[in-house]
Amino acid sequence: MTIHIGAEKGDIAETVLLPGDPYRAKWAAETFLENPKLVNNVRGMLGFTGNWKGHPVTIQGSGMGMPSLSIYVNELIRDFGAKTLIRIGSCGGMQDSVNVRDVILAMTSTTLSTPSRGIMKELNFAPCADWDLLQAAANAAIAKGTPTHVGGIYSSDVFYDERPDLNEQMMRHGILGVEMEAAELYILAARHKCRALAVLTVSDHLLTGEALPSSERESSFGDMVEIALQAAFSDAA
Ligand code: HPA
């Protein structure tokens with residue numbers, strides 16, 4: 001048990017999927033895992049462990065934003081021995097070529113700041129995805145036929161952004177989408193020698209204003225969960 005995760009040590013798998021929304025953790029666990037068992041409900045931040053094709057998997061909510069994700073990921077890695085951590089979340093599209101419902105695999109993430117800023121000091125550390133996971137996720141997405149983009153994203157600290165000039169710079173430099181967690185996940189994985197990836201579904205679009213209707217959210221998010229699971233175990237015998 002840790003401050004924020006009320007599980008016993010053996011209750012958490014080495015492979016952890018991290019949706020921001022705890023209810024999406026419940027939905028994904030009940031939809032994709034065999035024998036999902038509730039392993040955490042501290043603060044309602046639900047976590048479940050079950051099996052996917054015989055492999056143990058935990059799906060743990062991370063909350064919104066990098067400070068919240070940092071708490072869960074630190075405890076998952078340092079106290080529970082998580083080794084492969086894949087964010088499954090939504091993002092806002094930032095390019096004409098990216099459509100609502102598409103999947104984005106975040107190769108790297110640009111930020112203004114992260115919870116690790118303090119230790120990085122003057123360094124502009126470049127958070128990047130684990131190559132094996134990224135490659136395996138791209139292969140899984142191609143095999144599924146899911147429209148998928150691989151490239152840079154923006155991990156923002158604000159949802160209600162009041163700096164349109166920054167978004168313009170991101171778009172001008174080819175950033176595919178905006179979310180609020182991936183950069184810190186990548187930095188923590190680098191620090192602790194773990195593997196990390198963010199697999200994101202485009203739920204809304206900053207250029208067109210289009211948003212995924214709630215009736216369609218589950219089926220679109222399902223592709224993302226399957227891509228993440230296939231990537232996590234692509235090298236398993
Ligand atoms: N901004 C930040 N995070 C998001 C967005 C957005 O537009 N859409 C989904 N997550």
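Counting starts at 1 for both ligands and their atoms, in listed order.
With respect to Glu179 and Arg87, a salt bridge is recorded, a charged nitrogen being found less than 4.0 Å from a carboxylate O. Glu168 has no carboxylate O lying under 4.0 Å from a charged side-chain N of Arg172, or vice versa, which leaves the two without a salt bridge.
A donor-acceptor contact shorter than 3.5 Å is absent between the side chain of Glu14 and the backbone of Thr84.
There is a side-chain donor-acceptor pair under 3.5 Å between Glu75 and His4.
No side-chain heavy atom of Cys91 sits less than 4.5 Å from a side-chain heavy atom of Met180.
Within 4.0 Å of ligand 1, contacts by protein heavy atoms are made from Ser90, Cys91, Gly92, Phe159, Val178, Glu179, Met180, Ser203, Asp204, Leu206.
Scored by the side chain to side chain donor-acceptor pair (under 3.5 Å) test, Thr58 finds Thr49 as partners (sequence neighbours excluded).
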